[in-house]
Amino acid sequence: MTPHPQDTPLRVQSATEDRNPRTTEIDTLTSGDLVRLITAEDAAVVPAVAAVGTQIATLVDLAVDALGSGGRIVYVGAGTSGRLGVLDAVELLPTYRVGSDQVEAFLAGGSEAMTAPVEGAEDDPAAGAAAVAEVGPGDLVVGLAASGRTPYVGGALEQARSRGAATGLIACNPRATLASSADVAVLVDTGPEVVTGSTRMKAGTAQKLVLNTFSTATMVRLGKTYSNLMIDVLPTNEKLHARIVRMLAQATGRPADQCRMALTEAGDVRTALVCLLASVDALAARAALAQHPPDPARAGDPAGIRTAVAELGGQTVALGG
């Protein structure tokens, strides 16, 4: 007798949907044993992300090319994946002064889907295509889909390619069907989840790690840091203003009071940093920085700080403390 289609288990080609043989007895465990089991599974995520480092680096290069030439990065995702894209995008403004005009995220179902599921939103490829309808050859569209098969993301990637934009995919399925729609596919093999199909767990952790790595590396390449210090951070509160003063002291070895005065005179972190490192006034520092703006092609000094200081006869200091 031929089985009725409804009686045949649906085979989803994604390890994130498989049952995990190591966790079949989780409902019998104590709290302590549950925590140990979950964290043991999570420990495999970092090596899995590291294994696709080459692909992440290639995606970073596409992002640097896009932003460096005046283009944009656009994240497109659904569910947990899409929410992580929104989180990554919005955090770039306070950290690096990069707003939605440069990095934007679209979530299937819109802003409502950040806090509640929107039925059927991820199954609509036309909505994904509409989200990126304005991208062009200078932009990069990055699809986010744990399974690597979400129709909303697929629609966005196909539309982006048709408009000449570069495309990337971040997924947790080595057999992701959308990989062929991306110039660069970052496919993290996280395996089955602790709770079957709960991709907010290992897959979500992996995507957060990839996004952190991708966007941070992109910002550093674009000259948004001096050493490992954030020189474009927005001082939106007292804590961040104090952090900037402390950062200037760490970068220059100067007393906090002197750093505070330099920041007040200069009006921004980059100028204050050059003032302190080169022992010049804000006018001279600003002029030197104008001659050496951030440039990812400037090897060893994408921010232009070291070059500006050297031109002014100053010396950068060791930053190991």
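In what follows, residues are counted from 1 in the order of the sequence shown. Predicted, not measured: the structure shown is a model, and the values here were computed from it.
- At least one side-chain heavy atom of Thr28 sits less than 4.5 Å from a side-chain heavy atom of Glu25.
- Cluster annotation: Val142 is connected to Leu209 through the hydrophobic network of ILVMFWY side chains, with a link wherever side-chain heavy atoms come within less than 4.5 Å.
- Side chains of Leu107 and Tyr152 form no contact here, defined as non-hydrogen atoms less than 4.5 Å apart.
- With hydrogens and angles left out, the side-chain atoms of Asp42 and Thr39 include no donor and acceptor closer than 3.5 Å.
- Taken to the nearest 0.5 Å, the CD1 atom of Ile38 stands 9.0 Å off from the OG1 atom of Thr23.
- With rounding to the nearest 0.5 angstrom, the CZ atom of Arg149 is 8.0 Å from the CD atom of Glu122.
- Remark: Asp183 engages no residue in a salt bridge (Lys or Arg N to Asp or Glu O under 4.0 Å) (not counting sequence neighbours).
- For the pair Tyr226/Leu273, a side-chain contact is recorded, criterion being any heavy-atom separation below 4.5 Å from C-beta on.
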Exercise. For Asp101 and Arg72, what are the C-alpha separation, side-chain angles and deciding distance, and is it a side chain to side chain contact (heavy atoms under 4.5 Å, CB included)?
Worked result: CA-CA 7 Å; Asp101 59 323; Arg72 296 184 301 152; 5.9 Å; no
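- Contact annotation: the side chain of Met219 approaches that of Leu222 to within less than 4.5 Å [non-hydrogen atoms, C-beta and beyond].
- Ile231 contributes atom CD1, which lies 10.0 Å from atom OG1 of Thr271 (distance to the nearest 0.5 angstrom).
- Under the 4.5 Å side-chain criterion, counting only non-hydrogen atoms from C-beta, His241 is in contact with Leu263.
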For this session: Report the C-alpha distance between Lys208 and Leu87 in whole Å, list the side-chain angles of each, state the deciding distance to 0.1 Å, and finish with yes or no for side chain to side chain contact (heavy atoms under 4.5 Å, CB included).
Result: CA-CA 9 Å; Lys208 182 67 166 66; Leu87 179 65; 3.7 Å; yes
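- Residue Gly138 comes nearest to Ser69 through the heavy atom pair O-OG, 4.4 Å, listed as atom of the first residue, atom of the second, then distance.
- Of the inter-residue distances, the one linking Leu187 atom CG with Cys172 atom SG reads 9.0 Å to the nearest 0.5 angstrom.
- The hydrophobic cluster containing Val269 also contains Leu312, counting ILVMFWY residues as joined when their side-chain heavy atoms lie under 4.5 angstrom apart, directly or transitively.
- In this structure, Ala176 and Ala171 approach most closely via the heavy-atom pair CB-CB, 4.3 Å.
- Between Ala206 and Thr190, the closest heavy-atom pair is CB-CG2, 3.5 Å.
- With rounding to the nearest 0.5 Å, the separation of CD in Glu311 from NE2 in His292 is 3.5 Å.
- The CG atom of Leu169 sits 8.5 Å away from atom OG1 of Thr177, with the distance rounded to the nearest 0.5 Å.
- Of all heavy-atom pairs spanning Leu34 and Ile26, the tightest one is CD2-O, 3.5 Å.
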Problem set entry | Worked check of side chain to side chain contact (heavy atoms under 4.5 Å, CB included) between Val98 and Lys224 | CA-CA 10 Å; Val98 170; Lys224 297 289 184 177; 3.8 Å; yes
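- Residues Lys202 and Glu41 meet the side-chain proximity criterion, which asks for heavy atoms closer than 4.5 Å.
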Problem set entry | Working for salt bridge (charged side-chain N to carboxylate O under 4.0 Å, His left out), residues Arg270 and Asp232 | CA-CA 8 Å; Arg270 288 174 181 268; Asp232 279 345; 3.0 Å; yes
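- Among the candidates Val86, Val153, Leu211, the single residue satisfying the side-chain contact (heavy atoms from CB on, under 4.5 Å) test with Leu144 is Leu211.
- In this structure, a donor-acceptor pair under 3.5 Å is present between the side chains of Ser279 and Arg254.
- Ile73 and Val135 are not part of a single hydrophobic cluster, where members link through side-chain heavy atoms under 4.5 Å apart.
- Heavy-atom neighbours of Arg200 CZ from other residues, nucleotides or ligands within 6.0 Å: at or below the threshold of 12.
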Problem set entry | Evaluation steps, side chain to side chain contact (heavy atoms under 4.5 Å, CB included), between Thr196 and Asp18 | CA-CA 6 Å; Thr196 306; Asp18 290 343; over 6 Å; no
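- When only modelled atom types and interatomic distance are considered, Glu193 and Ser198 share no side-chain donor-acceptor pair under 3.5 Å.
- In terms of heavy-atom proximity, Leu140 sits nearest to Leu59 at CD2-O, 4.2 Å.
- Val184 and Val49 end up in the same hydrophobic cluster when Ile, Leu, Val, Met, Phe, Trp and Tyr side chains are linked at under 4.5 Å.
- Judged purely by distance below 3.5 Å, without hydrogens or angles, the side chains of Ser81 and Gln207 pair a donor atom with an acceptor atom.
- Under 4.0 Å is where a charged nitrogen must lie from a carboxylate oxygen, and between Asp139 and Arg163 no such pair does.
- Considering only heavy atoms from C-beta on, Arg221 comes within 4.5 Å of Asp61 through its side chain.
- Side-chain contact between Pro192 and Thr16 is absent, with no heavy-atom pair separated by less than 4.5 Å.
- A donor-acceptor pair shorter than 3.5 Å can be found between the side chains of Tyr75 and Asp88.
- Leu178 and Ile170 are members of different hydrophobic clusters when ILVMFWY side chains are connected at heavy-atom separations under 4.5 Å.
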